[in-house]
Amino acid sequence: MDENITELISDLRTYLEYLKGMGITSLPVAENVPEKAPRSETLTLADVRTELGDCKRCKLHRTRKTIVFGEGNEKATLMFIGEGPGYDEDMQGRPFVGRAGQLLTKIIESINLSREEVYIANIIKCRPPQNRNPEPDEIESCNPFLMKQIRVIQPKIICALGTFSAQTLLKTDTKITALRGKLYDLEGIKVIPTYHPAFLLRNPERKREVWEDMKKIAELLNNA
Ligand code: SF4
C-alpha cells in the first residue's frame with residue numbers, strides 16, 4: 001500500500017480512538033451522505049403491522065391498553081420518532097396526541113407541513129407503567145419493527161425527539177444536549193436529533209433551539 005495512505009489510515013485510527021476515549025461514538029455527517037439503503041419495494045407498513053400482531057415480545061404488553069404503531073404518510077419525506085406512548089396515546093392508540101403531541105403538531109406546522117404529510121412513531125410501541133423510561137430489553141424487542149417501518153418509508157430525514165430516540169437510533173450514550181441540531185446518518189437517511197416536546201413543555205426557554213433545528217430540517221428538505 002502507498003506509504004502516504006498507510007500513514008493517513010494510521011492517523012485516522014489514532015484520531016478515532018482519541019474521540020472514542022472522549023466518549024464520542026458517532027460522528028455528524030456534514031455532506032456526502034452515503035447512498036440510501038434500498039427502499040423495501042415489497043414490504044408495506046400494513047405488512048409490518050400484521051407481523052407485529054398482538055405483540056407480547058416484551059413485558060410492556062402486560063400493562064398496555066393499546067399498541068401504538070405509528071401513523072402518517074407511508075411515503076413521508078420527514079419522519080418523527082419519539083420515545084414511547086404516554087397515557088393519552090395508550091388510550092387512543094395514536095402517537096403524540098396529548099399535550100406534547102399538540103406541541104409537536106405546531107412544530108410540524110412551523111415548517112409548513114401537516115401531521116398527515118409526515119410519519120410519526122416511537123422507539124417503543126407500548127406505554128411503560130407510570131411513564132417510566134423504556135428499559136434496554138424493551139427497546140431491543142421493539143426496535144426491529146421500527147427499523148422495518150423506516151425501511152418501508154425511506155424518509156429523507158428523521159427527526160429524533162429526545163434522549164431515548166436519539167441515543168437508540170444513533171447507538172450512542174451521548175446526551176441530547178450534545179447531539180441536537182447536528183446531522184447524523186442512519187442507513188443513508190439523515191437524522192437530526194432535537195428536544196422532545198414533553199421536555200419543551202417543562203422547559204419552554206429551550207423552544208428556540210428546536211425552531212432552529214426545524215429550520216435546518218426545512219432547508220434540507222427543500223434542497224433534497
Ligand atoms: S413495546 Fe414493542 S416489543 Fe414490547 S410488547 Fe409492545 S410492541 Fe411488543
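Counting starts at 1 for both ligands and their atoms, following the listed order.
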- Message: I need the nearest protein heavy-atom contact for atom 6 (Fe) of ligand 1: residue, atom name and distance, please.
- Response: Cys126 SG, 2.3 Å
- Query: Is Leu161 close to Pro197 at the side-chain level, that is, under 4.5 Å between some pair of heavy atoms?
  - Reply: yes
- Looking only at heavy atoms, is any part of Glu138 under 4.0 Å from ligand 1, and if so is it the side chain, the backbone, or both, or is it neither? neither
- Any sub-3.5 Å donor-acceptor pair from Asp90's side-chain atoms to Lys65's backbone N or O? yes
- Ion pair check, Lys216 and Glu212, cut-off under 4.0 Å: no
- Item | Main-chain N/O of Ile81 paired with Ser165 side-chain donor or acceptor, under 3.5 Å | yes
- Query: Please state which protein non-hydrogen atom is closest to atom 2 (Fe) of ligand 1 and give its distance, to 0.1 Å?
  - Reply: Cys142 SG, 2.3 Å
- Note on the structure: atom 8 (Fe) of ligand 1 has as its nearest protein heavy atom Cys55 SG, 2.2 Å
- Using atom types as modelled and distance alone, determine if a side-chain donor or acceptor of Asn122 lies under 3.5 Å from a backbone N or O of Glu83. yes
- Query: Any non-hydrogen atom of Arg64 lying under 4.0 Å from ligand 1?
  - Reply: yes
- Mind checking whether atom 4 (Fe) of ligand 1 has an N, O or S of Cys58 under 2.8 Å? yes
